[in-house]
Amino acid sequence: MADREELESVCKRRGFVWQSSEIYGGEAGFYDYGHLGAKLKDNWERSWKEYFLSLGDHYHMIYTPNILPYRVLESSGHVDHFSDILITCKRCGNSHRGDHLLEDITGESAEWMNKDELSDHILEHDVKCPDCGGDLDEPEDFNMMFEVDVGPKGDRKGFLRPETAQGSYMNFPREYRALRKKMPMGLATIGSAFRNEISPRQGVYRLREFRQAELQIFFVPGKHDSVFEARYQELEKKNIKLLRSDWEEQKEVSLDELDDLPVFYRYHLAKIYEFYSEVMELPHDEFRLRELSEEEKAFYNRIHFDVEVHMESLGGWKEVAGLHYRGDHDLGQHQKGSGQKMSIPIDGERLIPHVIELSFGVDRNIWSILDKGYRTGDRDCMKISGSLAPYKVAVFPLVRKDGILDRSIEVYEALKSKFSTFWDKSGSIGKRYARQDEIGTPYCITVDYDTLEDDTVTVREIESTEQIRIPISELSETIESLIKKEKGFSS
RNA sequence: GCGGCUGUGGUCCAGCCUGGUAGGACUCAAGCUUCCCAAGCUUGCUGCUCGGGUUCGAAUCCCGGCAGCCGCACCA
């Protein structure tokens with residue numbers, strides 16, 4: 001429930017997120033996180049790691065470089081396929097995708113063609129500009145990857161990685177041995193990825209440099225399924241909301257109704273759903289899992305669901321994550337390209353493991369928290385899960401006299417080593433509550449005259465604005481159990 | 001990338017047509033006040049997107065760059 005402009009204004013004013021290199025006018029597709037945004041992002045990434053690494057006994061983080069050698073992305077298919085061939089009209093100057101122009105005439109797929117082949121076919125079919133009928137110029141390559149020159153002579157070509165996943169694929173053989181051949185094995189990573197988007201828009205939704213949190217899970221279907229099956233038991237009656245490619249509209253179904261999907265896929269689908277509802281605490285009717293149709297999904301993805309969040313500020317359902325069953329495509333490509341064995345021995349033969357990929361756009365997820373959290377009206381308020389909120393608690397003196405100020409500093413000092421805590425004495429008490437409401441601090445503690453008598457303080461909750469009074473000695477554990485949801489807030 | 005619109009303190013906007021001291025609201029900071037939800041008072045910080053041109057003089061007119069929004073295209 002957030003108007004784009006209002007939300008962007010709060011983000012800039014309070015310190016969440018804004019355009020990068022601002023003082024020089026900015027550059028499209030690059031954003032900075034301020035002090036609150038950085039805390040929120042760090043908290044999200046920490047929660048992501050805790051949650052998803054715990055899904056398997058052998059799921060671990062790894063970190064790999066942002067720059068990849070040319071050959072890696074040649075093998076992965078990005079050099080050929082992560083690019084478009086653009087053809088510009090000589091008369092009206094509009095650019096079109098070359099393969100689409102040809103497909104419109106022939107009705108056959110032209111995506112596989114390179115520049116020269118496309119050029120020949122365009123001539124052969126005498127294709128004209130669809131906008132004005134003018135003659136077309138020679139095709140030009142537009143690759144979405146940023147090319148970099150490596151080494152002193154700059155003669156070694158590389159790219160800024162367009163996705164973080166390749167690092168996990170390439171490290172499969174090494175980690176398979178280091179982790180002592182345990183399967184299913186998961187290699188997760190969080191880091192930057194780079195895509196030279198033609199026209200980045202919609203704030204942090206489409207960036208040229210962005211963060212991904214990805215988990216690649218390696219296993220051999222039919223061989224390692226029992227591990228997934230055991231974990232799946234507890235979930236099979238669970239309801240999740242989704243939209244399948246052949247359904248008219250989304251609906252809530254229990255997992256065991258999705259019996260055309262393999263159990264290992266269903267298990268992770270359900271866990272992703274749970275992450276959005278329980279960790280990110282998004283309202284159930286504001287996010288969904290949507291299956292991509294055959295036309296929409298890439299050829300190597302056997303099953304593909306996206307997580308979509310309904311974001312008012314971005315005008316509707318927007319993709320924030322995906323779950324892809326990629327078969328043996330990725331390891332197969334690297335085995336071919338590197339000449340190294342990516343297979344493992346299974347019952348006397350060598351098999352290339354399959355991959356399911358959990359892929360999250362960090363910036364998009366952060367934005368979805370802000371979009372879903374921000375409410376205006378009588379009171380401007382950012383409702384963020386306690387575990388993600390930049391500050392967990394704020395401490396105020398009710399008035400700045402009679403020793404109350406000093407007492408509030410003592411309370412603040414006692415809490416700040418345990419929680420991200422804010423202390424504020426400026427303005428009226430209501431103003432201070434309002435400031436914390438706007439940045440999503442779930443609890444505000446006020447030191448008042450009663451505190452001087454009996455060492456109790458009030459704790460106010462962001463959503464209801466209700467207060468409870470508790471002894472200072474119980475403050476720390478009370479706040480902790482409130483944030484962890486071990487205990488509900490009631491006065 | 002193409003077309004349309006836009007760019008003024010931290011934020012949101014007025015001023016531009018008709019060139020001549022840049023204004024408001026909110027925010028922020030310091031202080032006063034205050035026994036619980038953006039109150040009030042005092043003081044203060046901060047601005048014409050950038051570059052060029054016209055002019056005695058440009059926020060204002062002209063040209064260009066950059067950025068943003070909307071539409072088209074793009075988004076393996």
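Proteins get letters first, then strands, A, B, ... in listed order; numbering begins at 1 in each. Keep in mind that what you see is a predicted model, and the values were worked out from it rather than measured.
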Do side-chain atoms of A:T446 reach the backbone of A:L398 as a donor and acceptor pair under 3.5 angstrom? no
Using a cut-off of less than 4.0 Å, is there contact between a side-chain N or O of A:Q19 and OP1 or OP2 of B:A67? no
Which of B:C70, B:C37, B:G68 is nearest the side chain of A:R460? It is B:C37
Interatomic distance at C1', B:C45 relative to B:U55, whole Å: 34 Å
For B:C66, the nucleotide meeting Watson-Crick or G-U wobble distances (both under 3.5 Å) is B:G7
Length of the line joining A:R13:CZ and B:C26:C1', which is rounded to integer Å: 8 Å
Please measure how far the C1' atom in B:A58 lies from the corresponding atom in B:G19, and state the result in whole Å. 6 Å
Picking from B:C28, B:C35, B:A67, which would you name as closest to the side chain of A:R14? B:C28
Would you measure the distance from the P atom in B:C12 across to the matching atom in B:C5 and give it in whole Å? 22 Å
Under-3.5 Å donor-acceptor pair between A:D448 side chain and B:C36 base: yes
Given that A:V10 and A:C381 both sit by RNA chain B, which one's nearest nucleotide is further toward the 5' end? A:V10
Salt bridge (Lys or Arg N to Asp or Glu O under 4.0 Å) evaluation trace for A:E296 with A:R290: CA-CA 12 Å; A:E296 286 175 294; A:R290 182 173 78 85; 3.3 Å; yes
Indicate the ring-plane relationship of A:Y412 and A:W423, choosing parallel, tilted or perpendicular according to the 30° and 60° boundaries. tilted
A:I198 has its side chain closest, among B:G1, B:C36, B:G10, to B:G1
At 4.0 Å (heavy atoms only), tell me whether A:E6 reaches a base, stays on the sugar-phosphate, or touches nothing. nothing
Roughly how many Å is it from CD in A:Q202 to C1' in B:C70, rounded to a whole number? 11 Å
Where the side chain of A:Y449 is defined as all heavy atoms beyond and including C-beta, which of B:C36, B:G1, B:C35 is the nearest nucleotide? B:C35
Parallel, tilted or perpendicular, judged at 30° and 60°: which one describes the rings of A:F360 and A:Y276? parallel
Under a 3.5 Å cut-off for both distances, is B:A22 Watson-Crick or wobble paired, and to whom? none
Just call it for A:E22: base, sugar-phosphate, or nothing, with non-hydrogen atoms closer than 4.0 Å on any strand. nothing
Check this one for me: any side-chain N or O of A:R379 less than 4.0 Å away from OP1 or OP2 of B:C37? no
Touch class at under 4.0 angstrom, heavy-atom based, for A:D450 against every strand present: nothing
Between B:U33 and B:G20, how far is it from one P atom to the other, in whole Å? 46 Å
Nucleotide nearest A:I429 when distance is taken to its side chain, options B:C69, B:C28, B:C36: B:C36
Among B:C36, B:A38, B:C13, which is the nearest nucleotide to the side chain of A:L398? B:C36
Taking B:U18 as the reference, what is the distance to B:U43 when you measure between their C1' atoms (whole Å, please)? 39 Å
Name the nucleic acid region contacted by A:Y300, choosing base, sugar-phosphate or nothing; use a 4.0 angstrom heavy-atom cut-off, strictly under. base
Between B:G15 and B:A22, how far apart are the two C1' atoms, rounded to whole Å? 8 Å
Mind checking the P distance from B:U54 to B:C62? Whole angstroms is fine. 15 Å
Pairing partner of B:A14, by Watson-Crick or G-U wobble and under 3.5 Å for both distances, is none
Whole angstrom value for the distance that separates C1' of B:C74 from CG of A:N143: 14 Å
Is there a donor-acceptor pair closer than 3.5 Å between any side-chain N or O of A:K392 and the backbone N or O of A:G386? yes
Please state whether the phosphate of B:U27, meaning OP1 or OP2, lies under 4.0 angstrom from any side-chain nitrogen or oxygen of A:K12. no
Reading RNA chain B from 5' onward, which residue's closest nucleotide shows up sooner: A:R201 or A:A28? A:A28
Mate of B:G71 across any strand shown (Watson-Crick or G-U wobble, both atom pairs under 3.5 Å) is B:C2
B:A30 pairs with, by Watson-Crick or G-U criteria that keep both distances under 3.5 Å: B:U42
A:S9 side chain: which of B:C37, B:U11, B:A67 is closest? B:U11
Distance flag, aromatic centroids of A:Y325 and A:F264, threshold under 6.0 Å: yes
Of the candidate nucleotides B:A76, B:C28, B:C35, which contains the atom at the shortest distance from the side chain of A:E163? B:A76
Table of protein N/O atoms under 3.5 Å from nucleotides 30-33 of chain B N/O atoms:
residue, atom, partner, partner atom, Å
B:G31, OP2, A:K425, NZ, 3.0
B:U33, O4, A:R400, NH2, 2.6

Is it the case that A:S359 and A:E214 place a side-chain donor and acceptor less than 3.5 Å from each other? yes
Taking side chain as C-beta onward, heavy atoms only, is A:M382 less than 4.5 Å from A:L7? yes
So what does A:A298 hit on the nucleic acid, given a heavy-atom distance under 4.0 Å: a base, only sugar-phosphate, or nothing? nothing
Is a donor-acceptor contact shorter than 3.5 angstrom present between the side chain of A:E296 and the base of B:A76? no
Decide yes or no for A:M170 and A:V72: does some side-chain heavy atom of the first lie under 4.5 Å from some side-chain heavy atom of the second? yes
Between B:A39 and A:S428, is there an OP1 or OP2 to side-chain N/O distance shorter than 4.0 Å? yes
Whole-Å distance between B:C36 P and A:I462 CD1? 21 Å
Just to confirm, is there a sub-4.0 Å distance from OP1 or OP2 of B:C28 to any side-chain nitrogen or oxygen of A:R435? yes
Under the side chain to side chain donor-acceptor pair (under 3.5 Å) rule, what do A:D330 and A:Y300 come out as? Steps first, then yes or no, please. CA-CA 9 Å; A:D330 303 286; A:Y300 46 74; over 6 Å; no
Nearest-angstrom distance, P atom, B:C26 to B:G40: 8 Å
Check: A:D80 side chain, B:A76 base, donor-acceptor under 3.5 Å: no
Testing B:C35, B:C36, B:C37 for proximity to the side chain of A:T446, the answer is B:C36
OH of A:Y433 versus C1' of B:U34: gap in Å, rounded? 13 Å
A:W317 and A:Q250, any side-chain heavy atoms less than 4.5 Å apart: yes
Please determine which of A:R14, A:R460, A:R432 meets the salt bridge (charged side-chain N to carboxylate O under 4.0 Å, His left out) test together with A:D437. A:R460
B:G10, B:A67, B:A76: which one has an atom nearest the side-chain heavy atoms of A:H78? B:A76
Considering only heavy atoms and no angle criterion, is a donor-acceptor pair shorter than 3.5 Å present between the side chain of A:E5 and the base of B:C12? no
Given that both distances must come in under 3.5 Å, which nucleotide forms a Watson-Crick or G-U wobble pair with B:U55? none
